[in-house]
Q: 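Have a look at this one.
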Amino acid sequence: MTWQDPVPLLRGTAWLDARGRAVRADPADLGRLPWETAQRAALPIGVRLEFTVSPGTRAVEIRYRAAVPDRSQELRDVAHCFALWEGDTCLRETIPDPAEETKVTIPLPPDGRTGPFTVHPPESQEPEILGVRAVDGTLSPAPPRPRWLVHGDSITEGWWSTRPAHAWPAVAGRALGVDAVNLGYAGSARGELSIAQQLARLPADLLTLAFGTNCWSGVPHSAPLLYETTRAFLTLVRQGHPDTPLLLLSPLLRPEAESTANALGATLAELRTAMEEAVRDLAADGDGRLDLLPGRDLIGPGHLADGLHPTDAGHARVAEAVAVAMRQAAEAAGGRALTGT
């Protein structure tokens with residue numbers, strides 16, 4: 001059996017680097033990014049394989065290179081898990097013996113189903129898919145779907161979700177039937193204008209922005225500064241996507257920050273209000289494809305794993321709200337964004 005080039009099967013991809021690896025920031029424009037953004041962008045968060053097979057195909061083999069989890073790592077097996085999905089159902093999880101370069105064989109349903117199937121690789125181990133092939137059959141790329149760019153911080157990246165497929169962009173992407181491209185950067189996503197320009201250059205049928213909580217702590221913002229930053233960020237994104245349905249999700253609940261002032265005297269509640277006002281003002285100025293989803297009440301304290309990042313149940317609640325909002329935005333645009341027409 002001949003190994004196939006995996007690139008036509010990859011989904012959730014933004015850019016490929018010189019080696020052909022899926023990366024989440026423009027390799028030609030890394031110098032303008034904060035170091036932590038560039039570092040997180042090297043991880044293939046949300047990147048997956050989507051394919052169909054011929055009837056009777058028994059399995060798919062994936063040849064890959066990845067970091068080996070430390071033996072003392074509490075969730076060592078989970079960290080090296082390949083999950084096979086069909087639609088909104090996880091069919092199986094395959095955990096190979098960790099190795100820097102090896103192959104994994106993932107059995108397919110024995111009833112002749114042809115897919116499309118999705119394989120979520122172990123994101124945290126920086127997997128590089130080197131080749132794919134079918135066992136006793138043929139393998140083809142899944143049909144393309146509308147492309148949804150999602151920008152945010154560690155919450156968008158999926159921290160504290162137990163599997164990559166449980167992060168809210170992945171869950172909402174399945175609900176919407178779109179190709180979710182996860183551009184969440186843990187520790188970053190503070191309205192960096194260089195990122196807005198990169199988003200503007202990427203093809204997109206739908207856009208969601210979900211930053212702001214790191215503007216309270218990591219690099220403190222005042223409310224007026226975040227208001228202007230949000231307007232500038234949206235203005236730059238709009239230069240590349242003037243009519244694309246765009247949703248801004250304001251920061252989720254963060255109990256420690258809601259009424260606590262940061263170094264510039266702003267609480268997260270005040271920063272959230274500033275972002276929301278910026279969106280409303282731009283919409284009032286004529287941006288008819290711009291929508292706001294207030295994040296404060298989407299989840300409660302019981303949906304937070306550590307006071308900041310949602311549990312799987314929290315990610316599911318955020319995904320449901322975002323999917324509803326994005327579907328409404330697409331319908332207001334005539335439904336084109338969800339059909340790709």
Side-chain angles (χ1 to χ4, degrees), residues 12 40 43 45-46 74-75 78-79 81 83 85 87-90 93 120 122-124 148 150-176 178 180-190 206 208-218 226 247-260 262 266-276 279 291-329:
R40 298 305 299 181
L43 296 175
I45 304 298
E74 183 179 358
L75 300 178
V78 171
C81 172
W85 285 69
D88 206 33
T89 301
C90 181
E93 293 184 341
H120 290 269
E123 297 174 341
S124 61
W148 177 36
V150 188
H151 168 63
D153 47 40
S154 58
I155 297 171
T156 299
E157 210 179 64
W159 280 36
W160 285 97
S161 61
T162 58
R163 300 290 192 278
H166 296 170
W168 73 257
V171 177
R174 289 193 297 273
L176 292 167
V178 298
V181 180
N182 190 320
L183 299 175
Y185 310 114
S188 189
R190 299 174 294 261
L206 297 165
T208 295
L209 308 177
F211 63 90
T213 195
N214 287 334
C215 296
W216 176 75
S217 54
L226 189 53
L247 175 73
L248 187 137
L249 168 62
S250 64
L252 304 179
L253 173 70
R254 185 173 177 179
E256 66 163 343
E258 294 299 329
S259 58
T260 302
N262 65 12
T267 67
L268 183 60
E270 292 168 338
L271 295 177
R272 184 184 296 112
T273 296
M275 294 187 73
E276 294 173 356
V279 174
D291 290 281
L292 171 68
L293 178 59
R296 167 62 177 79
D297 297 323
L298 295 186
I299 59 175
H303 298 110
L304 296 172
D306 59 353
L308 172 60
H309 300 97
T311 60
D312 281 352
H315 276 281
R317 288 175 66 94
V318 175
E320 181 179 11
V322 170
V324 168
M326 290 307 308
R327 189 172 288 111
Q328 291 173 345

Q: I need the single residue from R317, H166, R163 that forms a side chain to side chain donor-acceptor pair (under 3.5 Å) with D312. Which is it?
A: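 So, applying the side chain to side chain donor-acceptor pair (under 3.5 Å) to D312 and each of R317, H166, R163, only H166 qualifies.
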
Q: Working to the nearest 0.5 angstrom, can you tell me the gap between L271 CG and T273 OG1?
A: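 The CG atom of L271 sits 8.5 Å away from the OG1 atom of T273.
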
Q: Does any part of the side chain of L249, heavy atoms only, come nearer than 4.5 Å to the side chain of V318, both counted from C-beta?
A: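 Answer yes - side chains close enough.
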
Q: Taking the side chain as C-beta and beyond, is there a heavy-atom pair between L43 and E123 under 4.5 Å?
A: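 In short, these two side chains do not touch, never coming nearer than 4.5 Å.
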
Q: Looking at every heavy atom in both H309 and W160, which two are closest together, and how far apart are they?
A: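 Between these two residues, the closest heavy atoms are CB-CD1, 3.2 Å.
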
Q: Taking all atoms of both residues into account, what is the closest heavy-atom pair of S250 and E276, and its distance?
A: OG-OE2, 2.7 Å

Q: Are any non-hydrogen side-chain atoms of W168 and L298 less than 4.5 angstrom apart?
A: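 In short, these two side chains do not touch, never coming nearer than 4.5 Å.
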
Q: Check for a donor-acceptor pair, side chain of S154 on one end and backbone N or O of E157 on the other, with a separation under 3.5 Å.
A: no

Q: As a test of understanding, state which of T208, V279, D291 forms a side-chain contact (heavy atoms from CB on, under 4.5 Å) with L248.
A: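 Exactly one candidate clears the test, V279.
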
Q: Nearest heavy-atom pair of E258 and T267: which atoms, and what distance?
A: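 Shortest heavy-atom contact: O-CB, 3.2 Å.
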
Q: Judged by atom type as modelled, is there a donor-acceptor pair below 3.5 Å linking the side chain of R40 to the main-chain atoms of I45?
A: no

Q: Within the structure provided, determine whether R254 and S217 are in side-chain contact (heavy-atom separation under 4.5 Å).
A: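 Heavy-atom side-chain distance check passes, below 4.5 Å.
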
Q: Between N262 and W216, is there a donor-acceptor pair closer than 3.5 Å when you use the side chain of the first and the backbone of the second?
A: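 A pair under 3.5 Å: yes.
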
Q: Distance check, rounded to the nearest 0.5 Å: L209 atom CG versus L292 atom CG?
A: 11.5 Å

Q: Please find the pair of heavy atoms, one from V150 and one from W148, that lie closest to each other, and give the distance.
A: CG2-CE2, 3.3 Å

Q: How many angstroms lie between atom CD1 of I155 and atom CG of L308, to the nearest 0.5 angstrom?
A: 5.0 Å

Q: Closest heavy-atom contact between G87 and W85?
A: O-CE3, 3.9 Å

Q: Looking at T156 and N182, what are the two nearest heavy atoms and their distance?
A: O-ND2, 2.9 Å

Q: Please confirm whether the backbone N or O of P310 pairs with a side-chain atom of H303, one donor and one acceptor, at under 3.5 Å?
A: no

Q: I want to check something: taking the side chain as every heavy atom from C-beta on, are P251 and L268 in contact at a cut-off of under 4.5 Å?
A: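 Side chain of P251 against side chain of L268, heavy atoms only: contact under 4.5 Å found.
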
